[in-house]
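What follows is a single structure, written as structure tokens, with notes after it.
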Amino acid sequence: MRNLVNESRTRLQWSQQKLADELGVSRQTIISIERGRFDPSLPLAFRLAAIFGTSLEDLFFPDGAVQDAASSQNSSARSPS
């Protein structure tokens, strides 16, 4: 599974340690999630989405789908509503 955790965390200007502290996990867990080496449990995934103010579907993707989603987010951010 792919994700946008790193991009979401960076957008908040949070360190990996700050995110880990907020979630009650280790910094190594955050590193592993961001690098796609570890898929978080469903409760942890929901907490991540809540922290970033997004849905699970906008944060986690099947392999290969993250590029399309990131492109879609970037284009909608630039488009006036």
Side-chain angles (χ1 to χ4, degrees):
M1 181 173 6
R2 303 287 307 255
N3 66 72
L4 296 175
V5 172
N6 182 282
E7 293 84 350
S8 300
R9 178 183 57 76
T10 302
R11 198 172 302 119
L12 290 179
Q13 298 180 341
W14 283 13
S15 67
Q16 290 171 331
Q17 187 62 57
K18 176 163 176 57
L19 181 57
D21 291 344
E22 289 290 321
L23 293 167
V25 299
S26 69
R27 187 174 71 85
Q28 187 60 42
T29 297
I30 301 303
I31 291 168
S32 295
I33 292 170
E34 288 183 350
R35 293 183 179 169
R37 294 182 188 154
F38 172 73
D39 292 334
S41 65
L42 193 54
L44 181 55
F46 273 113
R47 290 183 7 230
L48 279 162
I51 284 174
F52 297 136
T54 191
S55 68
L56 287 178
E57 294 84 6
D58 289 337
L59 192 58
F60 295 94
F61 307 89
D63 285 334
V66 75
Q67 293 299 342
D68 294 334
S71 297
S72 174
Q73 281 184 344
N74 289 338
S75 65
S76 65
R78 288 187 293 244
S79 299
S81 296

I'd like to check Ile30 versus Val25 (side-chain heavy atoms, cut-off strictly below 4.5 Å). Are they in contact? yes
Looking at Ile51, Leu19, Thr10, which one forms a side-chain contact (heavy atoms from CB on, under 4.5 Å) with Val5? Leu19
With heavy-atom distances below 4.5 Å as the criterion, would you say the side chains of Leu59 and Ser8 are in contact? yes
Taking the side chain from Arg9 and the backbone from Trp14, do they hold a donor-acceptor pair closer than 3.5 Å? yes
Salt bridge (charged side-chain N to carboxylate O under 4.0 Å, His left out) evaluation trace for Glu22 with Lys18: CA-CA 6 Å; Glu22 289 290 321; Lys18 176 163 176 57; 3.5 Å; yes
Of all the heavy-atom pairs spanning Gly24 and Arg47, show the shortest one and how long it is. N-NH2, 4.3 Å
Which atom pairs, donor and acceptor, lie under 3.5 Å between side-chain atoms of residues 35-45 and protein residues at least two apart or in another chain?
unit_1: Ser41; atom_1: OG; unit_2: Leu44; atom_2: N; d: 3.3

Distance from Arg2 atom CZ to Phe60 atom CZ, nearest 0.5 Å? 12.5 Å
Check side chain to side chain contact (heavy atoms under 4.5 Å, CB included) between Gln28 and all other residues, then give those that pass, not counting sequence neighbours. Ser26, Ile31, Ser32
Inter-residue atom distance Asn3.CG - Ile33.CD1, 0.5 Å rounding: 7.5 Å
